[in-house]
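Read the numbers this way: they start at 1 and go in the same order the structure lists the ligands and their atoms.
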Amino acid sequence: MSTYKEVKRVTTHVLQAMKARNEKISMLTAYDYSMARILDAAGVDILLVGDSASNVMAGHETTLPITLDQMIYHASSVIRAVKRALVVVDLPFGSYQGNSRKALSSAIRIMKESGAHSVKLEGGEEIKDSIKRILSAGVPVMGHLGLTPQSIYKFGTYTVRAKEEAEAEKLIKDAKFLEKIGCFGIVLEKIPAQLAKQVAETVKIPIIGIGAGKFTDGQVLVTHDLLGITKDFQPRFLRRYLELFEEIKGAVETYISDVKSQDFPSNKEQY
Ligand code: KIV
């Protein structure tokens with residue numbers, strides 16, 4: 001068994017080196033201590049404390065309602081579990097758009113109060129002041145382009161983005177811009193695979209895709225989708241590795257029946 005000191009931590013520099021030697025990067029979401037412990041022990045490279053916690057943990061329809069305090073609570077739970085992975089935390093809706101001072105103060109609260117390693121912001125050139133100010137404080141920033149769920153009411157749907165030339169061109173321009181100002185990586189969500197390939201080949205920083213095809217430098221999924229806990233979400237890009245909703249439901253049904261029949265607890269399970 002490896003001790004804390006023997007584990008080589010994943011840093012933004014490690015991710016850059018992985019891209020350079022063409023080693024794919026694995027990234028998953030985590031919102032709590034117990035799950036983060038399992039994912040980190042399995043060897044995932046990046047853990048994202050995503051604002052998808054708003055949907056997955058709290059049952060909201062969108063990512064908009066989650067607050068900065070709630071993100072800090074999730075991030076600090078994850079950080080306590082992690083020995084190896086790089087932890088990225090989403091700045092939630094309303095904590096960085098249109099006000100770079102507020103953006104910096106939100107990022108600093110996340111870093112100080114949770115102990116996280118970096119933050120992620122949705123958008124390109126339109127949020128440049130916020131990104132630059134956060135970077136100037138020495139906080140690593142990951143970008144997020146393509147489908148950006150915090151703008152769902154602008155898009156109107158969760159369908160594939162940047163299929164039209166103008167939007168694809170803006171996305172490439174934004175990716176180059178994020179690289180130029182110093183972001184350490186970019187998440188590309190739900191865009192055509194060939195466009196994601198072009199971005200990954202154009203910029204030198206790691207490009208992590210979700211629903212963006214096989215040519216990116218790494219992949220990210222929402223852990224609860226991969227494990228089949230979120231039962232009704234079935235997009236084409238999702239591969240389910242377990243059907244935990246049914247498995248957990250079955251186990252709980254057996255427990256209920258054991259309690260009712262007085263099979264549980266047995267003589268051996270009491271003091
Ligand atoms: O919040 C989240 O889970 C994300 C991923 C979909 C990349 O941003």
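Taking every heavy atom of Ile210 and a limit of under 4.0 angstrom, the matching atoms of ligand 1 come to 6 (C). Counting atoms of ligand 1 from 1 in the listed order, those under 4.0 Å from a heavy atom of Asp90 are 1 (O), 2 (C), 8 (O). Applying the 4.0 Å criterion to heavy atoms of His144 picks out, from ligand 1, the atoms 8 (O).
Contact annotation: for Thr29 versus ligand 1, heavy atoms closer than 4.0 Å belong to the side chain alone.
The closest side-chain heavy-atom distance from Glu243 to Lys231 is not below 4.5 Å.
Of the listed residues (Val88, Val220, Leu48), the one carrying the non-hydrogen atom nearest atom 5 (C) of ligand 1 is Leu48. Which of Gly211, Ser52, Gly146 comes nearest to atom 2 (C) of ligand 1 through a heavy atom is settled by distance: it is Ser52.
Inspection of the Gln150 and Asp51 side chains reveals an N or O donor paired with an N or O acceptor under 3.5 Å. Remark: the Asp32 side chain and the Ser77 side chain contain no N/O donor-acceptor pair separated by less than 3.5 Å.
Between the side chain of Glu126 and the main chain of Gly124, a donor-acceptor pair closer than 3.5 Å is present. Between the side chain of Glu179 and the main chain of Phe184, no donor-acceptor pair closer than 3.5 Å is present.
In this structure, CG in Leu145 is found 5.0 Å from CG in Leu171, a value given to the nearest 0.5 Å. To the nearest 0.5 Å, the span separating OG on Ser130 from CG on Leu91 amounts to 8.5 Å.
Of the protein's heavy atoms, Lys120 NZ, 2.9 Å lies nearest to atom 8 (O) of ligand 1.
Ligand 1 has no nitrogen or oxygen under 3.5 angstrom from a nitrogen or oxygen of Glu189.
Put simply, no part of Glu122 is less than 4.0 Å from ligand 1, judged by heavy atoms.
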